[in-house]
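Structure record follows, encoded as structure tokens.
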Amino acid sequence: MTLALGCIADDYTGASDLANTLTKAGLRTVQTIGVPADDLALPEVDAVVVSLKSRSIPAEEAVARSREAAAWLNARGAGHLLFKVCSTFDSTDAGNIGPVTDALREDAGVGIALVTPAFPETARTVYLGHLFVGAVPLAESPLKDHPLNPMRDSNLVRVLARQSRAEVGLIDLATVAQGAEAVSARLDALAKDGKGAAIADAVLDRDLAVLGAAALTRKVSTGASGLGLGLARALVAAGRVAPAAAQADLGPAIGGPAACLAGSCSQATLGQIARAEAVMPVRRLDPARLLAGEDEAGAALAWAMERIGHGPVLIASSAGPEDVAAVQAKYGRDAAGHAIEAAMARIAEGLVNGGVRRLVVAGGETSGAVVDRLGLPAFRVGPEIAAGVPVLRTTDRDMWLALKSGNFGGPDFFADALRLMP
Ligand SMILES: Nc1ncnc2c1ncn2[C@@H]1O[C@H](COP(=O)(O)OP(=O)(O)O)[C@@H](O)[C@H]1O
Ligand SMILES: O=C(O)[C@@H](O)C(=O)COP(=O)(O)O
């Protein structure tokens with residue numbers, strides 16, 4: 001296997017978002033969970049997206065795991081490495097986007113890395129280094145209340161600089177508009193000036209193709225799925241990938257019971273849960289009871305097993321910013337987050353042991369906990385449910401999954417997903 005593109009994603013929903021984007025752009029793509037075992041049978045593909053649960057762990061651990069993934073990808077001839085991060089740049093001043101980018105860049109002998117979270121298809125745009133979510137700056141968007149990585153500075157040059165060893169520069173939209181050579185020349189100039197990373201503006205899809213072509217002039221880049229799209233288009237345009245004709249057939253229907261789990265507290269997910277209440281039974285976990293040691297997971301699983309024979313169910317821990325803040329104040333942000341993720345993972349295991357073969361999970365960290373507990377090694381990418389969210393089929397057993405990024409999906413996402421998981 002000689003890969004055109006090797007990708008290291010810092011969470012599992014982000015990995016499937018990128019795998020979806022690359023597949024739509026014509027790259028034969030597979031998503032792995034963690035660094036694959038050497039004997040893991042993988043189809044012949046153009047790109048592999050290695051999913052790590054590294055977005056919210058200590059930076060040194062994130063660097064070590066990302067380096068392991070890079071070594072596996074390089075051993076399979078990866079022509080370029082993309083470190084896939086969140087389109088809303090989810091991170092804290094303690095990392096991990098800066099430390100991982102620094103490490104991958106230095107290991108590859110690259111002087112500077114192009115960095116952009118822009119993904120116009122999902123209304124993430126960057127202008128003069130400032131990230132906008134829809135019409136509002138990042139720091140005025142719901143991401144300012146994220147339970148684990150509250151984003152309170154929209155200036156990504158500042159944000160990245162605070163978590164990087166390297167100095168950070170800017171590639172402004174005026175330079176991007178001049179094309180890939182101008183962007184590459186700007187990267188050279190910034191590197192000569194001692195910068196190790198450069199936030200690149202992008203507002204329209206066409207900007208992504210420019211950035212992808214420029215990023216390919218170096219071994220390593222960092223970005224969200226928008227940069228992945230640009231890289232894919234540049235690889236096809238350069239003749240380094242022959243675009244796959246159509247969506248690969250993911251095989252026969254699986255059927256069987258279905259369930260949805262929501263750990264994301266994003267505004268989008270809260271709305272989707274509310275809409276789901278009209279079409280399926282919904283049980284809301286009580287974090288306080290859970291964190292006080294009550295068997296909330298066991299009770300929720302029993303509730304679900306009584307109902308899944310009649311149709312899909314949804315179990316959610318999700319809550320609004322004030323309720324999340326109250327739980328975190330009482331039990332601690334990380335302790336609360338990890339305990340709820342573990343409960344969701346336990347519920348997922350019980351559901352699958354009880355026959356569920358179609359599972360929708362909302363939330364990146366939540367998806368990581370669930371998929372790790374189920375011990376799933378890899379996924380093939382199926383049809384897109386909503387921008388950034390594909391149907392996934394497991395490679396080691398017959399299951400459909402959808403791993404929904406917290407902020408993605410339309411109002412009826414849960415029902416939409418199940419319709420595409422026959
Ligand atoms: N009611 C709640 N109170 C506090 N934390 C919560 C609650 N529900 C979920 N969480 C935690 O919030 C985090 C949500 O992160 P994640 O699953 O990545 O969602 P998103 O994709 O929206 O970022 C997880 O750590 C989860 O355990
Ligand atoms: O790029 C994105 O926004 C997504 O792919 C993503 O990473 C979202 O992460 P979660 O919000 O943690 O699901």
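Counting convention: from 1, in listed order, for ligands and their atoms alike. The model shown is predicted, which means the values in this text are computed figures rather than measured ones.
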Between [X] and ligand 1, does any nitrogen or oxygen pair lie at a separation below 3.5 Å?
X      : value
Ala362 : no
Thr366 : yes
Ser266 : no
Glu341 : yes

Practice problem: Kindly compute the distance separating CG (Leu170) from CG (Leu160), expressed to the nearest 0.5 Å. | Solution: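 The CG atom of Leu160 is 12.0 Å from CG of Leu170, to the nearest 0.5 Å.
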Quiz prompt | Validation row: Phe89, Asn149 side chains within 4.5 angstrom (heavy atoms) | solution =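 No; the side chains remain at least 4.5 Å from each other.
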For [atom], which protein heavy atom lies nearest, and how many Å away is it?
atom                    : value
atom 18 (O) of ligand 1 : Glu365 N, 2.7 Å
atom 5 (N) of ligand 1  : Ile340 CD1, 3.8 Å
atom 4 (C) of ligand 2  : Ser405 OG, 3.3 Å
atom 12 (O) of ligand 2 : Asp11 OD2, 2.9 Å
atom 1 (O) of ligand 2  : Ser87 N, 2.8 Å
atom 11 (O) of ligand 2 : Gly406 N, 3.4 Å

As a check for students: among [options], identify the option with a heavy atom nearest to [atom].
atom                    : options                : result
atom 8 (N) of ligand 1  : Gly364, Gly337, Ser317 : Ser317
atom 5 (O) of ligand 2  : Asp10, Asp17, Thr13    : Asp17
atom 14 (C) of ligand 1 : Ser318, Pro287, Gly263 : Gly263

Quiz item: Should the heavy atoms of other residues, nucleotides or ligands under 6.0 Å from CD of Glu349 be counted, would the total exceed 12?
Solution: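 Yes, CD of Glu349 has more than 12 neighbouring heavy atoms, counting only those of other groups under 6.0 Å.
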Quiz item: Is Arg206 atom CZ crowded by more than 12 heavy atoms from other residues, nucleotides or ligands, each under 6.0 Å away?
Solution: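 No, because the 6.0 Å sphere around CZ of Arg206 holds 12 heavy atoms or fewer from other groups.
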For [X], is at least one N or O under 3.5 Å away from an N or O on ligand 2?
X      : answer
Gly364 : yes
Ser225 : no
Arg55  : yes

Do [X] and [Y] sit within salt-bridge range, that is, some charged N less than 4.0 Å from a carboxylate O?
X      : Y      : result
Lys144 : Asp153 : no
Arg186 : Asp172 : no
Lys53  : Glu341 : yes
Glu296 : Arg284 : no

Self-check item: Test: Arg357 cationic atom under 6.0 Å from Trp400 six-membered ring centre, within 45° of axis
Solution: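 Geometry flag: not set, cation outside 6.0 Å or 45°.
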Exercise. Would you sort out whether Thr269 and Ser266 count as a side-chain hydrogen bond (donor to acceptor under 3.5 Å, both in side chains), showing the intermediate values?
Key: CA-CA 5 Å; Thr269 300; Ser266 72; 2.9 Å; yes
Can you tell me if [X] and [Y] form a side-chain donor-acceptor pair at under 3.5 Å?
X      : Y      : result
Asp93  : Gln163 : no
Ser405 : Asn407 : no
Ser184 : Arg218 : yes

Quiz item: Which atoms of ligand 2 are found less than 4.0 Å from any heavy atom of Cys86?
Solution: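 So the answer, numbered in order with elements, is 1 (O), 2 (C), 3 (O), 6 (C), 7 (O), 8 (C), 9 (O).
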Quiz item: Which atoms of ligand 2 sit under 4.0 Å from any heavy atom of Lys84?
Solution: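 Near Lys84, meaning under 4.0 Å from one of its heavy atoms, ligand 2 has 1 (O), 2 (C), 4 (C), 5 (O), 6 (C), 7 (O).
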Quiz prompt | Proximal ligand 1 atoms for Ala319, defined as those under 4.0 Å from one of its heavy atoms | solution =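 In order of numbering, the contacting atoms are 1 (N).
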Quiz item: In ligand 1, which numbered atoms sit nearer than 4.0 Å to a non-hydrogen atom of Pro147?
Solution: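 Selected atoms, number and element: 12 (O).
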Quiz item: At under 4.0 Å between heavy atoms, which part of Ser264 makes contact with ligand 1: side chain, backbone, both or neither?
Solution: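 Near ligand 1, Ser264 shows its backbone as well as its side chain.
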Yes or no: does [X] have any heavy atom under 4.0 Å from an atom of ligand 1?
X      : result
His146 : yes
Thr13  : no
Val324 : yes

Quiz item: For Thr222 and Thr101, what are the C-alpha separation, side-chain angles and deciding distance, and is it a side-chain hydrogen bond (donor to acceptor under 3.5 Å, both in side chains)?
Solution: CA-CA 7 Å; Thr222 293; Thr101 300; 2.8 Å; yes
Quiz item: Under a 4.0 Å heavy-atom limit, does Phe119 contact ligand 2 with its side chain, its backbone, both, or neither?
Solution: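 No part of Phe119 is near ligand 2 at this cut-off.
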Quiz item: Do any N or O atoms from the side chain of Asn74 and from the backbone of Ala70 form a donor-acceptor pair under 3.5 angstrom?
Solution: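 Present.
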